[in-house]
Amino acid sequence: MKRSVLTRYRVMAYVTAVMLLVLCTCMVFKYGFEMGKDLTLVVSQVHGVLYIIYLIFAFDLGSKAKWPMGKLLWVLVSGTIPTAAFFVERKVVREVEPLIVDGAPATAEA
């Protein structure tokens with residue numbers, strides 16, 4: 001597996017997790033203080049689009065790492081639970097790191 005597959009997943013995991021925290025904050029202001037209705041709409045739509053991209057990259061990583069369906073579903077759902085993606089991303093990186101094949105050509109020794 002190439003390192004770029006893991007890098008794409010990591011970037012989208014962080015971006016999705018941060019946007020979910022921003023969305024939760026917006027929801028508190030919208031429903032708790034009755035302000036920021038328009039901002040909440042924009043943030044929720046941006047998070048939705050980013051989450052779809054996250055799903056694609058996480059599925060790509062899971063299929064290349066040959067994860068079982070249960071693990072793949074947990075990684076996919078972690079983008080909907082505030083702060084879960086941060087912890088799941090760390091665990092995924094530790095498990096997938098040994099599977100990465102660097103693109104450097106091998107040198108033959110005589």
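What's counted below: heavy atoms across the whole structure, side chains too, no hydrogens, waters or symmetry copies. Quick caveat, the model's predicted, so the values are computed rather than measured.
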Can you name the nearest heavy-atom pair linking [X] to [Y], along with the distance?
X	Y	value
Phe59	Leu76	N-CD2, 4.1 Å
Gly79	Leu20	O-CD2, 3.5 Å
Ala85	Ala13	CB-O, 3.9 Å
Ala58	Trp67	O-CZ3, 4.3 Å
Tyr54	Val75	OH-O, 2.6 Å

- Message: Let me check something: do Leu41 and Tyr51 share a hydrophobic cluster, defined by ILVMFWY side-chain heavy atoms less than 4.5 Å apart, either directly or through other members?
- Response: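 Per the 4.5 Å side-chain linkage, Leu41 and Tyr51 are not co-clustered.
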
- Message: With clusters defined by side-chain heavy atoms of hydrophobic residues (ILVMFWY) lying less than 4.5 Å apart, directly or transitively, does Met19 cluster with Ile81?
- Response: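 Ile81 clusters together with Met19.
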
So, taking the atom named [atom1] in [X] and the one named [atom2] in [Y], what distance separates them when rounded to the nearest 0.5 Å?
X	Y	atom1	atom2	answer
Lys2	Leu99	NZ	CG	15.5 Å
Leu55	Leu50	CG	CG	11.0 Å
Leu21	Cys26	CG	SG	11.0 Å
Met12	Glu89	CE	CD	12.5 Å

- Pairs flagged by salt bridge (Lys or Arg N to Asp or Glu O under 4.0 Å) wherever residues 39-63 is involved - sequence neighbours left out: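 Those involving residues 39-63 are Arg8-Asp60, Asp60-Lys64.
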
- Evaluate the side-chain contact (heavy atoms from CB on, under 4.5 Å) criterion for residues Thr16 and Phe57: first the C-alpha distance (whole Å), next the side-chain angles of each, then the deciding distance (0.1 Å), finally the verdict. CA-CA 12 Å; Thr16 302; Phe57 289 162; over 6 Å; no

- Count the heavy atoms of every other residue, nucleotide or ligand shown that sit under 6.0 Å from OH of Tyr14, and state whether that count exceeds 12.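 Above 12, so yes.
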
- With a cut-off of 6.0 Å (strictly less than), are more than 12 heavy atoms of other residues, nucleotides or ligands near CZ of Phe87?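 Not more than 12 within 6.0 Å, no.
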
- Query: Between Glu97 and Leu6, is a side-chain contact (heavy atoms from CB on, under 4.5 Å) present by the stated rule, with each step listed?
  - Reply: CA-CA 8 Å; Glu97 195 74 34; Leu6 180 61; 3.7 Å; yes

- Item | Single hit among Ile56, Leu61, Val96 for side-chain contact (heavy atoms from CB on, under 4.5 Å) with Tyr9 |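 That would be Leu61.
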
- Task: If you link ILVMFWY side chains whenever their heavy atoms are less than 4.5 Å apart, which other residues fall into the same cluster as Met35? By chain and number, please.
- Result: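 Members besides Met35, by chain and number: Val28, Phe29, Phe33.
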
